[in-house]
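Reading through the structure tokens given below for one structure.
Chain A is the first sequence line, chain B the second, and so forth, proteins listed ahead of strands; every chain is numbered from 1.
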There are 2 protein chains.
Amino acid sequence: MPAPLAPDSTTDVLIIGAGPAGLMAATQLSHLPVRVRIIDKRSTKIFTGQADGLQCRTLEIFESLGFADRVWKEANHMVEFSMWNPDPATGRLRRDDRVPDTPVGISRWHESVLHQGRIERFFLDNMAKYGREVQGKEVVVERGVLPLSMELEHGEVEDKDAYPVKVVVRHLSEDEASPEQSKSGQGVSDGLFRSNLAPDDTDELVKKTSGMEGREETIRAKYVIGCDGAHSWTRKQLGFKLEGEPTDYIWGVLDIVPVTDFPDIRNRCSVHSESSGSLMVIPRENSLVRLYVQLHEIKPDAESGRADRSKINPDLILKSAQKVLAPYKLEYKHCHWWTAYQIGQRVGTNFSQSERIFLAGDAVHTHSPKAGQGMNVSMQDTYNLAWKIGHVVQGKAPRSILKTYQSERRRIAKDLIDFDHKFSRLFSGRPAKDAADEAGVDMEEFKRVFKQGALFASGLSVDYGKSMLVAKEGSAKEQGDGTDVESAAAKAVSKQSLCKNAPLGMRFPSHQVLNQSGARPWPFQMWLKSDGRYRVILFAGNVKQAEQKKRVEAWCAEADKSDSWLKKYTPSNATIDSVIEILTIHSAPRKEVELLDDFPAILHPLRPNDMGWDYNKVFVDDESYHEGHGHAYQGYGVDPSRGCVVAVRPDGYTGFIGELEDVEGLGNYFAGCLLPVNKAANES
Amino acid sequence: MPAPLAPDSTTDVLIIGAGPAGLMAATQLSHLPVRVRIIDKRSTKIFTGQADGLQCRTLEIFESLGFADRVWKEANHMVEFSMWNPDPATGRLRRDDRVPDTPVGISRWHESVLHQGRIERFFLDNMAKYGREVQGKEVVVERGVLPLSMELEHGEVEDKDAYPVKVVVRHLSEDEASPEQSKSGQGVSDGLFRSNLAPDDTDELVKKTSGMEGREETIRAKYVIGCDGAHSWTRKQLGFKLEGEPTDYIWGVLDIVPVTDFPDIRNRCSVHSESSGSLMVIPRENSLVRLYVQLHEIKPDAESGRADRSKINPDLILKSAQKVLAPYKLEYKHCHWWTAYQIGQRVGTNFSQSERIFLAGDAVHTHSPKAGQGMNVSMQDTYNLAWKIGHVVQGKAPRSILKTYQSERRRIAKDLIDFDHKFSRLFSGRPAKDAADEAGVDMEEFKRVFKQGALFASGLSVDYGKSMLVAKEGSAKEQGDGTDVESAAAKAVSKQSLCKNAPLGMRFPSHQVLNQSGARPWPFQMWLKSDGRYRVILFAGNVKQAEQKKRVEAWCAEADKSDSWLKKYTPSNATIDSVIEILTIHSAPRKEVELLDDFPAILHPLRPNDMGWDYNKVFVDDESYHEGHGHAYQGYGVDPSRGCVVAVRPDGYTGFIGELEDVEGLGNYFAGCLLPVNKAANES
């Protein structure tokens, strides 16, 4: 028996759906902290299968939350991509080319593979831990909770104290919440019930469990995020549609321990057979290999456009794979999971209702899984959104920043759909026999697209347009999605040339720097934690030069003024680094300067409660004892004598770049994205 | 009420004391697996203070067990060592020199600091996990268990089926097992009750809890390891003594969050004041700093040789530290732990009774903590011992290998005592005023000793002498401890010149290699897991050259024979790599060879249960995509065209080096340390 429920309750943020997108949102909010609840209609988390590819940017984000190391240790690192095609002369399958799977030099991380269940486990552990440490209460997923209805009180949308979204939910018993497949308990896990070949079961569950009393709850939320997948219940309540059409291509997926003489079974491979279709090999953790296999035998119904999933089974997928891989042999005894899907690319027109109810992940964009993008882009949706909602709830930011969610992420979704469209067709097509074979796919073109696509797929080419959060040149309307507000930030003009290799709107890259005090080398990105703070990176240049030292001192004196760009946004009872943290990277030789003598106190402030100086804010670009020289100034493209100032958003994207003297520019930037503190109210 | 106890029970190994030495033993045994129990008289683990320094070799061992990453993430990495001395001209304290704390290039790891409580946590998690996975039952510490008596049945010592050690224990209630200090619960943790200034409380506990019925248990063990510290109850039962004397130097220890203007508070420092004594700074995790401070005010009693611990408190230690650090200021508000100790170096004459009852760690050697050696050497004692006991219990090895525990570890203990003796005196002395000041310590000599000592302190200079486990030149009696048996291994003559940089008797070093199949770069050491297996590393050379390929094929054919050095020791119902694992590193270009075509099956055997080929046994010394070239052949000092064969012990030390053709030498080596399988018995 479930415990008796409060008939009516409130929360700042309600997340519907505890897949990767929902978990990312809940985790990020638990770090800020913001009061959050996350519900899922299923009774258990995922244990096998589903998405598995983790891209560079995703791993960087995991690091900023504190668990990239767990992934990196358990995952299979996917290092090489091999392309297998028919030999034009003999038609026999052969390895045509091999290239690094992740472009070299773009990140400390590269593509890795680990099943979604483990990734969800790391999220669950992390959000519980941060909930405990930051807000004194573990954040946990409430499972077996079914949403019944949702209403938005339109008149309250702009009222910052209101809870304008009312969601009625039903708490299910464990039995009710288990889908048939996962209840069977025996044999191989089959993911078809979650595939796009299966209908959604929410309505069915609602019907089945109606009439049971005393188990409904009304949740009033300030914000709702629908992370409930391709069949999104939340999207249906809003009446929003996805645009796009399914294709005729049906693919099967097998997670197996292969027994094979195919030489590249431990590499990521594309295999195009002469006339039996294609497959992709994804080597995974614990000897598992995932095969994506084109299913020629299964065709969508001409009228409905949908394929009959009852005809698909592991044996069918295996037989198709065997034909593609011939003359190599493939068998297996152990199959951990399998599913099938119909390729199609669709994207939502609206990502939110009144910036109170948001859609993220598969709920607003769907595509084929082979580029390893779905889970990554979905998590990055809510990583983009959660801190913005958090800032608004905390009263730090104006509601207008919420418009940047759609303007920033819808463009990414469309880029992804375009990429996937191109990639899927090249992948599913038959190799061209010769230059005249226009119906076939030119293998050279396939290689070109793959290589270009690898940077896109890494997640590191994301480039947010001009907005109140990105002070770059041009028009917010053109670069964004037409939803941006023009704001004070428009007045902040960055000078990209001062930090050439950290493009505005892209994630601030990482180079090795040393701690001034303890000499420890750090990838600088490790200090850009996802704790909701903006960061101002003071490239202090060579502070051994008297003139430069004066510039740094002048900059610090400005920051120290009572109405500065820093103090204006910092509550007087909070620590000076609680909203915006200043991190310094200087270029003088480490052994020729001293933290306390050469850097004003605001760069290494005394910590409250008699904790002494903060020794973790000043870094240097110098040779380390054990790990070489990071050449960070060179890497970032900053003049080592004069330096510059960079503002980085809470999600790690570059927002503003200026000279040390451009205090006004920095001020304008923050005026666009933060609300000044009412000091009087704060002190009362 | 405790559950009713079996009056009589058996275990293969009983470990007395759950500090780092005991936990290392239990953890290693849980990996093998061997039935083990570990008891401790205290009711709880340590939460603050105690030992904290982790040396390179210790981190390598942690990695081989699977938890170095947890330490590395949480620990403070100690990068720089600064030496502060009085300026000869003015007498004012100044930074005289700074050097890397760990010598450059000796390991991927370097000295790190994390309090013992966390390290114990990682052991507890690891042994529970491996217990669960390898033997189906978590291995946990039984706390509040007090040993009452121990008897060895001498007549059964050589009987492999006997349980010749009888230990009677009493299970205490939680209240009985808590020392007074830890029960107080309030204020600062004080470690004096565990210090060498305090008497042991085992006898007192025995007296206090006697007469309570029904809570005693008799444990019959094949082997007992006493890891019960400087006051070792186990040692007392055996009547063994430690040799050596305490000095007059008394030191205090403070774990604080310092508030100070001393510039190097985040570096490891030695500080010698002109006339107020010396101190050492150890920067730690979470803003903590440990200070070791010489206490001039406290002198040992002339008669007893013992200092009065009642006079020592944190304020006294702080005041001494302030005098040493003047003119810099030092205050603190947060003190997490403190203790004091009297410097002295003592070592046991006997490390075991009849190779059935062993002593390890502080139970057989004590010294001052400042070199950060105590916990490290103690853990390495049991790391050396546990797999040997495990092999004997499992019937894999003759009992005679147990003699190598004392021959290998007593010499290390003596070296440590000598190092500490020299280092402590240099550290505690007053700096010499000039060359004529013979009573003072020459600061140049101090620096020399520190720099020489750093390699010793890393744990990587450990060099085990010739024995049945190390087929090196010379006499086992001279190089060891006079306890070695002469054995078949004496006939195995290694050729050090074939693998110049992996000295016999020292730990096999690590260089980056790539997986042949998946191209992933690995520090090779990551494949030398502490799972009780010997490893034969086949440096296969350039297998693209026909002649070399033939040599490799011939070597494999020898290994594949039914009475080979490999199969002789492998039960017929076990996998081919279960006792000795062959790992290959070749030097041909990775892209010019194929795993299945160019390497005989025995180098990548088919795994049982239809799991396909083993893709994790063949590596290559080649350029990686993302992490450079490991130059492993050059690093190991192996001829890249001809290669060689190296046998590595289960604890990672180099045991044998020979040509591919020296199958007899390899056979002799294993004949010395393994027992042939009785195939008939095994199959029955």
Side-chain angles (χ1 to χ4, degrees), chain A residues 66 69-70 72-73 76-80 95 98-105 107-110 256-268 283 287 289 331-334 514-521 590-591 594-597 606-607 609-616 624-626, chain B residues 66 69-70 72-73 76-80 95 98-105 107-110 256-268 283 287 289 331-334 514-521 590-591 594-597 606-607 609-616 624-626:
Chain A
D69 53 322
R70 294 186 72 182
W72 199 239
K73 185 178 184 178
N76 184 51
H77 299 190
M78 211 146 61
V79 179
E80 197 170 60
R95 188 196 285 123
R98 39 188 174 184
V99 297
D101 181 65
T102 300
V104 172
S107 175
R108 282 186 305 129
W109 309 99
H110 49 253
I256 56 173
V257 180
V259 181
T260 182
D261 58 356
F262 180 67
D264 273 349
I265 200 72
R266 292 306 302 169
N267 281 323
R268 185 172 170 210
S287 302
V289 170
E331 296 290 345
Y332 71 85
K333 177 128 174 211
H334 307 279
L514 312 185
N515 184 290
Q516 170 63 33
S517 303
R520 174 168 170 183
R590 173 174 168 271
K591 292 187 181 173
E594 300 284 353
L595 181 72
L596 303 186
D597 298 342
L606 272 174
R607 290 171 301 168
N609 305 318
D610 296 299
M611 293 282 283
W613 296 112
D614 191 327
Y615 295 97
N616 288 318
S624 71
Y625 285 117
H626 300 282
Chain B
D69 54 321
R70 294 186 72 183
W72 198 239
K73 185 178 184 180
N76 184 52
H77 299 190
M78 211 145 62
V79 180
E80 196 170 60
R95 187 196 287 123
R98 38 188 176 185
V99 297
D101 182 65
T102 300
V104 172
S107 175
R108 281 185 306 129
W109 310 97
H110 49 255
I256 56 174
V257 180
V259 181
T260 182
D261 57 356
F262 179 67
D264 273 351
I265 200 71
R266 294 305 304 168
N267 281 324
R268 185 171 171 210
S287 302
V289 171
E331 297 290 345
Y332 70 84
K333 179 133 173 205
H334 307 280
L514 311 185
N515 184 291
Q516 169 64 33
S517 305
R520 175 168 170 182
R590 172 174 168 271
K591 293 187 182 174
E594 301 284 353
L595 181 73
L596 303 186
D597 298 342
L606 271 174
R607 291 170 302 167
N609 304 318
D610 297 299
M611 293 282 284
W613 296 111
D614 192 328
Y615 296 98
N616 289 317
S624 71
Y625 286 116
H626 300 282

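How far CD of A:Glu594 is from CZ of B:Arg95: 4.0 Å, rounded to the nearest 0.5 Å. Rounding to the nearest 0.5 angstrom, the gap separating the CG atom in A:Asn515 from the CZ atom in B:Arg266 is 8.5 Å. With values rounded to the nearest 0.5 angstrom, A:Arg520 atom CZ is found 7.0 Å from B:Asn76 atom CG.
B:Pro258 touches chain A through its backbone: at least one of N, CA, C or O sits under 4.5 Å from a heavy atom, while the side chain does not. Neither the backbone nor the side chain of B:Arg108 comes within contact range of chain A; no heavy atoms are under 4.5 Å apart. When heavy atoms are compared at a cutoff of 4.5 Å, A:Asp261 approaches chain B by way of both its backbone and its side chain. Proximity to chain A is limited to the side chain of B:Ile265, based on heavy atoms less than 4.5 angstrom apart. Heavy-atom distances place the backbone of A:Trp72, and not its side chain, under 4.5 Å from chain B. Contact annotation for B:His77: both backbone and side-chain heavy atoms come within less than 4.5 Å of a heavy atom of chain A. Both the backbone and the side chain of B:Thr260 come within contact range of chain A, judged by heavy atoms closer than 4.5 Å. Of the two parts of B:Lys591, the backbone and the side chain both hold a non-hydrogen atom closer than 4.5 Å to a non-hydrogen atom of chain A. Only the side chain of B:Leu596 comes within contact range of chain A, with heavy atoms under 4.5 Å apart. Neither the backbone nor the side chain of B:Asp597 comes within contact range of chain A, judged by heavy atoms closer than 4.5 Å. Contact annotation for B:Arg70: neither backbone nor side-chain heavy atoms come within less than 4.5 Å of a heavy atom of chain A.
For B:His626, the ring pair (Phe, Tyr, Trp, His ring centres under 6.0 Å) partners at least two apart in sequence or on another chain are A:His110.
Top candidate by heavy-atom pairs under 4.5 Å with chain A, chosen from B:Val259, B:Val257, B:Val79, B:Asp264, is B:Val79. Heavy-atom pairs under 4.5 Å with chain B peak, among A:Met78, A:Lys73, A:His334, A:Glu80, at A:Glu80. Put simply, of A:Thr102, A:Leu514, A:Ile256, the one with the most heavy-atom pairs under 4.5 Å next to chain B is A:Thr102.
No more than 12 heavy atoms of other residues, nucleotides or ligands lie within 6.0 Å of NZ in B:Lys333, so this atom counts as exposed by the packing criterion.
In terms of modelled atom types and a separation under 3.5 Å, the side chain of A:Asn267 and the main chain of B:Ser517 share a donor-acceptor contact.
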